[in-house]
Structures are given as structure tokens and as C-alpha cells.
Amino acid sequence: MATAARAEQARRFERLERLTQRRYLLLLAPAVLFLVIFYGYPVAAMLLRSFNDPAWGFGNFKPLTAARTPIEILGVSLPMNAYLRVIGITLQIAVGTTIATLLLGYPVAYALASMPMSRANLLMIFVLVPFWTSILVRTYAWMALLGTDGIVNEVLMGLRLIDQPATLLNTRGAVYVGMVHILLPFMILPLYAVMRGIDRNLMRAAENLGARPWQVFRSVFLPLSLPGVAAGCLLVFILALGFYITPSLLGGQRDIMISMLIQQQVVQLKWGFASALALVLLVISLIIYLVFVRVLGVQRIFGGGRR
Amino acid sequence: MTAKQSERAAHADRIGALGARVRFDQVEKQYPGGAANAVDGVSLDIAPGEFVTLLGPSGSGKTTTLMMLAGFETPTAGEIWVDDQAIAAVPPWRRNIGMVFQNYALFPHMTVGENIAFPLKLRGMPRDEVTRRTREALDLVGLPGYEGRYPRQLSGGQQQRIALARALVFNPRVLLMDEPLGALDKQLRERLQLEIKALHDQLGVTIIYVTHDQQEALVMSDRIAVMNLGQIEQIGGPGELYDEPASRFVASFIGESNFLDGRVTGFDDGLGVIEAPGVGMLRAPAHGGCAINSEVALTVRPEKIVFADELNGASANTIDAEIVTVIFVGEMHRYEARLGGGQTIVLKRQHRSGVGRCGRGDRVRLGWHVADGRLV
């Protein structure tokens, strides 16, 4: 009798527990539903077009493989066509932007993380305000700065360093400047988060054990900040791959990135080929993401530098 | 130098004088914007191989004092000496002082072996010697074969031992410990206290230990410096601090104490006589600072107070009291009694046959030998 009652009670607890767990899943439902309807479905439908518009098959991917002419890159001969070259330029700009933001962002994040919290929060405004400003506005600002009659040229001519306006706008350099400026916060913020989590006593311990400041940095701080480096690089690189406004407004005729190519196809109503290019971009992004996760572990990237 | 110090120095000589002498000379530390000095004129002479504890509540300056010795804080005045070297201006990485941090500060990205080898590699030691000494250090702390593990795979007590091994592996002559057992549970803490003390006896290194746990300080130290508000209130051996506290702060911080407030009415044969309101005239050995009519407190330890019929011949104070609470705490009974003036005192009596000597509400006569009290 007593055992039967106890078994009944256990069953009731179990049911209650299942119900509670299901209730938590319910909290996810609105967001999941929204994403499926307004994001998942359109993306799937769009990607499907690369295989069935105008006809079923791999016809949309033909241009990527067709009519290759070999070109030399770093002494290696590679078969290239215009489309592959755009993908190459895209990767090159993304890599360059990532390296530049890392080199500029690391010291900033280090300085912010070493300050007392109150001062760091104050200075963080200088990182966040540009972050909150529209990309379009900031890109136009760079056009005003770098143009033939722009401030930079006027200052250089005023100082008599040059006698004719230099071509600053519509160059690869302008693309880098604009993209690095826009993407820098995406590097600084994850770096800062990880560096804040590093126990300062570890640095003291290293000094106490006989390490000079640069040895402390190299053998303790730098390795512990690597998860932040990985997170920042991943974020900046993947965002840079898909950049559109900044390279199209600041770049020259030869600085075409894959998103600009996609836009051209859409304007010409070549939906199938545009989808194929978008699929290529998606696959490249996923591969890079998986490589990062494989090498560093997703937990180390998003979980911060704690033990 | 006290007799105890010279005995200690002789001991250090016998085992090769590994420990260094450490001397604080009028050391002060003021933080910018801080109203009072965090450390205010600390002078302290620590003999080679001595185990000295800085004991005090948080904010008493004990950690700041330790950090100045480690080199993470710079004194604003005064000088610190290790043997004959003034070190206030020496950077921490050149001081060669071992330190165990409060949260161990083991490098999470290095294995146990790499953690311990870290100071040896920095000193340019050949690889096979690094390996050998790492192994010896792990043997010393009772964790042989742990080289390949990561700190996160170890328990708190094991991490603590690794931190100790890392702090000792480069044979520093001074070892600093900043509340090293604070994060551990009581049983483990008590075991490690004894282990650290045994290591100290074995190695002869000078240890300066910071804690707010008076029990820990009493168990481990040769001498204890009780700190309060940036100053050393009293320094002495554990027994000396317990039996002869120099101030009310020391008496209340170390062990449990009763304080009976009163006014000095006179002196009698080296004893101060005070009048405690509602209690009567009490006598206790007086120290130099007491003047007639000054407000003082008579302090007496709970275990020194007895029921009046237990008193033997020696001169004693006796008072009337009413028992308010009786608590059985295992090896003894703890009584709280109210005195005539409304003050309460606590006494502890050895427990016999499981029955309290008296119960709540009983009126009793209590007493203690005059020599067991102290005016502070």
C-alpha cells in the first residue's frame, strides 16, 4: 500500500518535472517562430533558387568554373576568372581588415582592461558611440574626409606637403580605412571582455616568481587573452566578408567584393546566379566558423577567459 | 631580541640559516585620496627562520604591509630590509621572495609541472635540473606525479599545495602567505595549518603569514603582530597575547574576553583597584597607562571565572550574578550571567557528567584570581 502510494507520488513528480522543462522550451517559441518565418524560410527559398532558377541543376555555378585564365599570386599560378577574383579580393580585404583591427584593437582593449572600472566605463564611450552610429553615415563621413576637396587633402596642401590633391577616395586604402574604423569595436569588445576576466593576481604571481613585465605579458597575459583574440577575429572576419556599403562607396573600380557582385546580379534580375554567389559566401563563412570552433572550441571563444 | 628570538636564530643557524631577516622600519603607505594612512608607521623585526603572522580585521593594513614586502605596493615612507638589503625600490621580479596568494593564482593555461617550473625556467636553469627540482617540490607537498594535470582538475586543497610548491621551488629565503587557507573548509584548513608548520620547521625559511583568523594565528605562529587601523597594536608570542593583551582590541580579537567597565579609584601593592557600577570594587594587575579616575575595563577570560566555592587561597575578586543562559558546547558548559549594574559576563566551566552546575535564573557567586584579570 505504502509502496504503491510512493510510486504514484514519484510518477507525479516526474510529470511535474517534464512539464516544467517543457515550460522553459515555451519561452523560446516566439523567437524561434519569428526566425523560422521571417529568416529561415526566406533564406532557404532564396538559396533554393541557386539550384532551380531558371532551371533545375548546377547551371548557376557554371560561371565560377568556366573560362579560367591562370594568374600568378605569390609566385603560384592559379586558374582564375572574374568571379573567383572577386572572391579572392573579398578574402584579401577581410583578412587585411581583421589583422589591422587586431593590431589596433589589442592595445586599446589592454589599456581599458588595466584601468579602474570607473575610468574604463567612461572611456568605453569612445568605443561605443561610433559603434552606435549608422554605417552609412560613417562611410559618407570618410568620403568627405578623403575626397579631392576633402579635409585631408586640404591640410596636406595647406602644409605644402603636396601641390596637387592626392587620390585618396576610391582606392583600396580607403576601403581598409573605412572598414577598419567600422569594425574596430567588434574586435575591442570581445577582447576587453576576456581581458577583464583575467585574474590580475596571475600577473602579480608571475612577477613574484621572477618574470619581468614583458615576460609576464608573453607567458601569462597573452595566452590567456587568446580566446578574446579568436572571438574578435571571427566576428570581424565574417562581418567583413559580407561588407557592401563601405567598399562600394569608398573603393575603386577594381575593389569589388562579393556582396557588390551579388547586388549587380539582383539589379539585372539574375536571381539564380545571385543566390549561387550568396551560397558561396555562406559556405565560406561556415567553413571559417567551423575551423575556429574546431581549433579553439566554441566554449573558449564565447565563454571568456575564465578557468 | 627576546629569548625566544635568539633561540629561533640559533635553530636557523643549525639548519643552515636558510631564512632571511626581515625588518620594517617606520613603514607608511598612503593611497592617493585616502584620508588616513593604510599602513601607519609599522616597525617590525623578524628573525631568520621565524614564523610571524600579521593578524587583524579587514582594512587593518596587514595585506598592504605584505604587498609592500612583495613589491606590489611602494611605501610612501620608511624602508624595508631583507638581511642587509634595502628593498623598497627593488622591483618584485628581482626580490626572490616566495608568495602564496589568497586564491592560489596558479596559471590556468599551464600544467602543474609548468607552473612549478616557471620560476626555474626564468632563472635559466638547465632542463634536467628543472625537471628534478619540480619533482622534488611535488614530493615535498605530498603530490608526486601530478606534473601533467591542469590546476582546474585539482581540488582546492591540492591547488593550495601546488601554489606552495611553486613558491618554494626556487628556494626563496622569505615566504609570504596571504590568507592561503581562507577558501578551504575547516577540517582541511586545520590539516594544512599543521602541514605548513611542519614544512616551516623542515625548511627554516622565514614565513610572514597574513590572516584574520585568530585561531589559525595562535596555532601556527612563533610571533603574532596584531594590526588595527594601519598600526601594530601588539606583537608577541601566542601565549603572551592571550594572557597579557595590551589593549581592549587585542583582548577582544584574540580569544573570547569579558570586559567590565569601571573607574580607577586607587592602587594597592601593584594592583589597580576599580569601581565597577553595581558590581563593587575589583582588583587587577595594572599597566603603566592607568591613572586614578581614568575610565578602564577589567578584562578576564571566560575560562578563568569559577564559582566562588572553587576558589582556593590566592587573592580573588568575587561578584554576585544571576545566570541568564546555559549552553552545552561539548567539552564544557558556557554560562552567561548578569551582574548588578546590568553588565553581563561569560564563563566556561569544564563539563562533568553531563549536568550543568546550575540553571537559568539561579543566583550565584562567581570569582577569579586577581592575577587572571587585566586592566586595559
Side-chain angles (χ1 to χ4, degrees), chain A residues 106 109-110 113-122 190-191 193-233 292 295-307, chain B residues 31-33 63 66-67 69-73 90-110 114-125 137 150-154 156 159 162-172 174-180:
Chain A
Y106 197 94
Y110 181 88
S114 308
M115 283 173 194
M117 208 63 164
S118 53
R119 189 150 15 123
N121 285 339
L122 196 69
L191 277 175
V194 169
M195 289 177 182
R196 263 286 170 211
I198 297 175
D199 181 0
R200 296 281 134 169
N201 265 341
L202 295 176
M203 263 77 85
R204 285 183 157 185
E207 276 193 3
N208 172 259
L209 294 168
R212 293 158 172 282
W214 72 268
Q215 289 170 319
V216 174
F217 176 77
R218 205 197 51 188
S219 52
V220 178
F221 191 87
L222 184 63
L224 289 175
S225 70
L226 283 184
V229 172
C233 286
F292 266 85
V295 173
L296 288 153
V298 72
Q299 226 144 21
R300 283 190 61 194
I301 296 180
F302 297 112
R306 268 159 263 241
R307 270 168 271 184
Chain B
Y31 289 106
T63 298
L66 197 75
M67 290 300 168
L69 181 51
F72 303 128
E73 302 282 1
V90 177
W93 56 90
R94 257 191 251 130
R95 291 198 180 189
N96 222 32
I97 291 175
M99 180 152 180
V100 177
F101 288 78
Q102 196 166 4
N103 55 0
Y104 321 132
L106 296 173
F107 305 126
H109 59 298
M110 297 183 195
E114 287 165 346
N115 263 284
I116 297 175
F118 187 76
L120 303 178
K121 284 181 184 153
L122 286 168
R123 286 162 176 76
M125 207 170 272
Y150 279 92
R152 63 174 173 275
Q153 298 170 310
L154 305 181
Q159 290 186 25
I162 299 303
L164 192 60
R166 188 181 67 178
L168 287 170
V169 72
F170 57 99
N171 288 338
V174 181
L175 177 64
L176 312 182
M177 306 184 90
D178 183 12
E179 308 234 6

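The sequence lines fix the lettering, A, B, ..., with proteins before strands; numbering per chain opens at 1. Values below: all heavy atoms of this structure, side chains included; hydrogens, waters and symmetry mates excluded.
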A:P213 versus B:W93, closest heavy-atom pair with distance: CD-CH2, 3.5 Å
Side chains of A:L209 and B:F107 in contact at under 4.5 Å (non-hydrogen atoms): yes
Chain A contact via B:F72 - side chain, backbone, both or neither, heavy atoms under 4.5 Å: both
Toward chain A, the part of B:R95 with a non-hydrogen atom under 4.5 Å: neither
Which atoms of A:E207 approach chain B - backbone, side chain, both or neither, heavy atom under 4.5 Å: both
A:N208 CG to B:M67 CE distance, which is reported to the nearest 0.5 Å: 9.5 Å
Nearest-0.5 Å distance, CG of residue B:L106 to CG of residue A:D199: 10.5 Å
Spacing of CE belonging to B:M99 relative to CG belonging to A:N201, to within rounding of 0.5 Å: 7.5 Å
Proximity breakdown for B:R123 and chain A, heavy-atom pairs closer than 4.5 Å: side chain
Separation of A:S219 OG from B:H109 NE2 (nearest 0.5 Å): 6.5 Å
